[in-house]
Amino acid sequence: QVQLVETGGGLVQPGGSLRLSCAASGITFELYAMGWYRQAPGKQRELIAHITPGGTTNYAGFVKGRFTISRDNAKNTVYLQMDSLKTEDTAVYYCNAARTTHYWGKGTLVTVSS
């Protein structure tokens, strides 16, 4: 059974940092492209960052220079380092694994507020 488990969310002040982790099981992790998405209240889910099996990354324009995606294939884990957080970054953050099938985690809530 495939499981993606996100951790690391929480409450942070504007300008602060958080590091999200997504631990995968039930898949051959190194073969999957991994992505982070988010969904704010009343909005559609949107792609934040994506990393290929070979380590190539791409980012949505609104997080470039602030967020960094990385992966550790030995730990079956993908990370999202989030710096210079803004109130508008408040959302539920989801991990995605993609190959011929897409798998999703249940999400972790990030709240940016003073």
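None of these values were measured; they are calculated from a predicted model. Computed from heavy atoms alone, side chains included, the values below leave out hydrogens, waters and symmetry copies. Position 1 is the first residue of the sequence, and the numbers go up from there.
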Anything under 3.5 Å between a donor and an acceptor, one on a side chain of residues 74-88, the other on a protein residue two or more places apart or in another chain? List them.
unit_1	atom_1	unit_2	atom_2	d
Thr77	OG1	Lys75	O	2.8
Gln81	NE2	Asp83	OD1	2.9
Asp83	OD1	Ser17	OG	2.7

So CZ of Arg99 and OG1 of Thr28: to nearest 0.5 Å the spacing works out to 7.0 Å

Between the CG atom in Leu4 and the CG atom in Asn96, the distance rounded to the nearest 0.5 Å is 7.5 Å

Across all chains, not counting sequence neighbours, the side-chain hydrogen bond (donor to acceptor under 3.5 Å, both in side chains) partners of Arg66 are Asp89

- Contacts of type side-chain hydrogen bond (donor to acceptor under 3.5 Å, both in side chains), residue Arg71, not counting sequence neighbours: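 Listed in chain order: Asn73.
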
For residues 51-59, dump all side-chain donor-acceptor pairs below 3.5 Å to protein atoms at least two apart in sequence or in another chain.
unit_1	atom_1	unit_2	atom_2	d
Thr52	OG1	Gly54	N	3.3
Thr52	OG1	Gly55	N	3.2
Thr52	OG1	Thr56	N	3.0
Asn58	ND2	His50	ND1	3.4
Tyr59	OH	Ile69	N	2.9

Closest non-hydrogen contact found for Gly9 with Leu20 is N-CD2, 3.6 Å

Test salt bridge (charged side-chain N to carboxylate O under 4.0 Å, His left out) applied to Glu46 - qualifying residues, sequence neighbours left out
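Listed in chain order: Arg38.
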
Does [X] reach the side chain of [Y], with side-chain heavy atoms less than 4.5 Å apart?
| X | Y | answer |
| --- | --- | --- |
| Glu6 | Tyr93 | no |
| Tyr32 | Glu30 | no |
| Val92 | Thr108 | no |
| Val112 | Leu18 | no |
| Cys22 | Trp36 | yes |

Please tell me whether Val110 and Phe62 are part of a single hydrophobic cluster in this structure, the criterion being side-chain heavy atoms less than 4.5 Å apart.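 Val110 clusters together with Phe62.
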
For this session: Using the rule that two of Ile, Leu, Val, Met, Phe, Trp, Tyr join whenever any of their side-chain heavy atoms come within less than 4.5 Å, decide whether Val2 and Met34 are in one cluster.
Result: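 Both belong to a single hydrophobic cluster.
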
### Query
With ring centroids as reference points, do Trp104 and Tyr37 lie under 6.0 angstrom apart?
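For Trp104 and Tyr37, the ring centres are under 6.0 Å apart.
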
query = With Ser113, which residues qualify under side chain to side chain contact (heavy atoms under 4.5 Å, CB included), at least two apart?
reply =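 By the side chain to side chain contact (heavy atoms under 4.5 Å, CB included) rule, Ser113 matches Leu11, Thr111.
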
